Visitor: 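First the structure, then my questions, so here it is.
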Amino acid sequence: MSTAILTGPPVPGSQLGPDLRTLGFDVQQALLPDDLPRLLAEVPAGERVALVDPRFLGHVHALRLALTDPRFPAASVPGALSVQAEARTALTRALAGGTHAPAAQVGTASVLADDIAAAIEADGVAVHRPELGSLVATVPADAVAADAAAQAVAAVDDEAVRLRNAVKSRDGFFTTHFISPYSRYIARWCARRGLTPNQVTTASLITALIAAGCAATGTRGGYVAAGVLLILSFVLDCTDGQLARYSLQYSTMGAWLDATFDRAKEYAYYAGLALGAARGGDDVWALALGAMVLQTCRHVVDFSFNEAHVVGTDASANTSPTAALSDRLDSVGWTVWARRMIVLPIGERWAMIAVLTAATTPRIVFYALLIGCAFAACYTTAGRVLRSLTRRATRTDHAALALAELADSGPVAQLVAARAPRIPGAPVVAAVGAVALIAAALTQPVGSGQMIVAAAFYAVLSGLAVARPLKGALDWLVPPLFRVAEYCTVLILAARSDVSGALPAAFGLVAAVAYHHYDTVYRIKGGSGAPPKWLVRLIGGHEGRTLVVAVLAAVLATRDTDFTLALTALAAAIALVVLVESIRFWVSSGAPAVHDEGETA
């Protein structure tokens, strides 16, 4: 239960009290400002408290946005303020008169809630002020203003606004035109029946896993069912976020589920297709693993570039001619959709996978995925390189730290970085190491010692690449290069070993490591930093794992299925450690509520 305190005498005929109770608040009345400290002291310390002017006029959804969103320590609209536990100290100081609003002392202005919001903001608490658009939230000064506000409230359907705002502001063409027109109503249906976003997310995962199981049957009927269920899973995947925005049910558990289940669903489906193809005598595990590697590396490029170029946080300026050209193209409507579709975002990608699964074969599905994602990767990466080269900006320590955390350097790279000279050109050093490693994996005998030498050389160069802060124009390429080197090495060695079961085991290993990398990304996006250092050291870092796989291939690749067993054991060990720590973090009280506003590629 949350508590709302009305900061003045009741207004006859007002529906404010019932509206606040509808939003889940226990309503208290403070007839005088001096009553506020006493009433606040009676509210349990861990409970949300809201201060609302009894003269407030506006839409219920405007109050909902200000008073019930759990992502912010404090939020405000005119006449209403919500404060969570972490901001209660500042609120207490403001009510005690220890902090003053910029314009007037707290308690003396006509709209007390607004003055207190200004006061706690001056005390260092960030106060979120949601964009209301056509919604109304005001404290009218007289009867004329009250009549005008009432007419403005009546002129706007806040339920229609609520439904519209439930949809992401930036989605792909397929999602916007083929899913969201009806999924938002499914979200409202779920909200009215008390379903939570986490329940819908779980239903989406279960549906995708059933789809993967259908694909694994290897029959035409199974493939058709898999395609239909995959689209249904995507509808539910859109619905869970829309339900969260519709009802403002953001949570730390929801953040974890939302951050990981999309990839788990897609990669499980890849495995199902590979199993189905194997039933028909076609081995496509290399293609399935290649699709997973390519898709994961695309995401790392996105995350790394964004962390390095967050305006106002990680760069001091954005004057890129490439960015300016992109802004001009945005003014031409059709180019926006074309550029969103060309990168094959999740909606378009899943629709393509579903249709091709139902109509063709797993091999054709993976060929289409690899060609489409490769083109999208080249397109987006080239554009970002051009932006970086033409962008006059100074990267901050915060950006450099985020890139270093995304690099996932283990003990070997960290030791080299601590003792080696700090040479410039981190992307070049990382690229040389990655190319040398992949070339050795492609050309050297799998059981030879040259592969171990190449892996050791890569480990040394990876340490040199992160020896100095990653503040160069193209230093955001370092984490993606490390991902390409590690994942591709596992893929190539497993494929060239010609050991039964090596590729499925390698698929499991890359999936476990990719989960760790996605987990790292979403912790950073939530402002919580990377996973603990002990975890990164325990699982070896990217260079340590690469060296271990190279040694295992050299020693075991010629000993029947021992290489497969070793890869499986390594995958299981990494998955166990990473999942336990990830679950511990995301269900803890300190986990961030991470929710994207744009469609993930």
Side-chain angles (χ1 to χ4, degrees), residues 267 270-271 273-275 277-294 296-297 362-363 366 370 410-413 432-462 482-514 516 538-578:
Y267 298 160
Y270 291 176
L273 284 174
L275 289 170
R279 285 179 177 271
D282 189 11
D283 186 355
V284 296
W285 275 107
L287 298 178
L289 180 51
M292 181 168 67
V293 168
L294 180 55
T296 304
C297 290
R363 180 172 290 273
F366 286 124
L370 289 168
V412 177
V432 169
V435 170
L437 179 67
I438 294 173
L442 287 170
T443 60
Q444 299 301 315
V446 175
S448 69
Q450 289 93 323
M451 190 62 220
I452 299 177
V453 173
F457 178 67
Y458 167 74
V460 171
L461 288 186
S462 66
F482 288 162
R483 299 296 85 79
V484 170
E486 179 183 3
Y487 297 163
C488 287
T489 298
V490 175
L491 166 60
I492 295 168
L493 291 179
R496 295 190 64 215
S497 69
D498 202 26
V499 175
S500 176
L503 277 168
F507 188 97
L509 175 58
V510 172
V513 175
H516 164 62
L538 183 62
I539 62 176
H542 69 95
E543 82 291 348
R545 290 187 298 270
T546 303
L547 188 56
V548 167
V549 172
V551 171
L552 292 176
V555 175
L556 303 176
T558 58
R559 294 171 52 180
D560 198 18
T561 59
D562 287 356
F563 185 44
T564 298
L565 294 175
L567 289 179
T568 302
L570 182 60
I574 291 175
L576 177 63
V577 173
V578 168

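Model, not experiment: these values are computed from the prediction.
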Visitor: If a pair satisfies salt bridge (charged side-chain N to carboxylate O under 4.0 Å, His left out) and one of its residues is in residues 543-557, list it, with sequence neighbours excluded.
Guide: D408-R545, E486-R545
Visitor: Look up atom CG in L567 and atom CG in D562, then write down how far apart they are to the nearest 0.5 Å.
Guide: 11.0 Å
Visitor: Checking S448 now: which residues fulfil side chain to side chain contact (heavy atoms under 4.5 Å, CB included) with it, not counting sequence neighbours?
Guide: Q444, P445, Q450
Visitor: State which residues pass side chain to side chain contact (heavy atoms under 4.5 Å, CB included) with L538; sequence neighbours excluded, sorted by chain then number.
Guide: W534, V577
Visitor: Consider side chain to side chain contact (heavy atoms under 4.5 Å, CB included). Of T296, I574, V578, which one does V513 pass it with?
Guide: I574
Visitor: Minimum heavy-atom separation for A274 and V284, please, with both atom names.
Guide: CA-CG2, 3.7 Å
Visitor: Tell me if the CG atom of D498 is crowded by more than 12 foreign heavy atoms within 6.0 Å.
Guide: no
Visitor: Looking at every heavy atom in both A456 and L547, which two are closest together, and how far apart are they?
Guide: N-CD1, 3.8 Å
Visitor: Using side chain to side chain contact (heavy atoms under 4.5 Å, CB included) as the criterion, point out the one residue from V490, V548, L565, I539 that pairs with L570.
Guide: V548
Visitor: Is any side-chain heavy atom of L370 closer than 4.5 Å to one of L294?
Guide: yes
Visitor: Y458 vs F482, test: side-chain contact (heavy atoms from CB on, under 4.5 Å). Steps then yes/no.
Guide: CA-CA 10 Å; Y458 167 74; F482 288 162; 3.5 Å; yes
Visitor: Please report the closest heavy-atom contact between G290 and L491, naming both atoms and the distance.
Guide: CA-CD2, 4.1 Å
Visitor: With rounding to the nearest 0.5 angstrom, report the CG to CG distance, L273 to D282.
Guide: 11.5 Å
Visitor: Under the criterion side-chain contact (heavy atoms from CB on, under 4.5 Å), I'd like the reasoning laid out for T564 against L503: C-alpha separation, chi angles, the key distance, then a yes or no.
Guide: CA-CA 8 Å; T564 298; L503 277 168; over 6 Å; no
Visitor: Mind checking the CZ-OH spacing from F366 to Y270? Nearest 0.5 Å is all I need.
Guide: 7.5 Å
Visitor: Looking at every non-hydrogen atom in both residues, tell me the closest pair between L437 and A485 and how far apart they are.
Guide: CD2-O, 3.8 Å
Visitor: Could you walk me through whether L275 and W285 pass the side-chain contact (heavy atoms from CB on, under 4.5 Å) test, one step at a time?
Guide: CA-CA 8 Å; L275 289 170; W285 275 107; 3.7 Å; yes
Visitor: Any non-hydrogen side-chain atom of V551 less than 4.5 Å from a side-chain atom of M451?
Guide: no
Visitor: State, with a plain yes or no, whether a side-chain heavy atom of V293 is found less than 4.5 Å away from one of V510.
Guide: yes
Visitor: Of the non-hydrogen atoms in S462 and A413, which two are nearest, and what is the gap between them?
Guide: OG-CB, 3.7 Å
Visitor: Taking atom OG1 of T546 and atom OH of Y487, what is their separation to the nearest 0.5 Å?
Guide: 10.0 Å
Visitor: Looking at every non-hydrogen atom in both residues, tell me the closest pair between L289 and A506 and how far apart they are.
Guide: CD2-CB, 3.8 Å
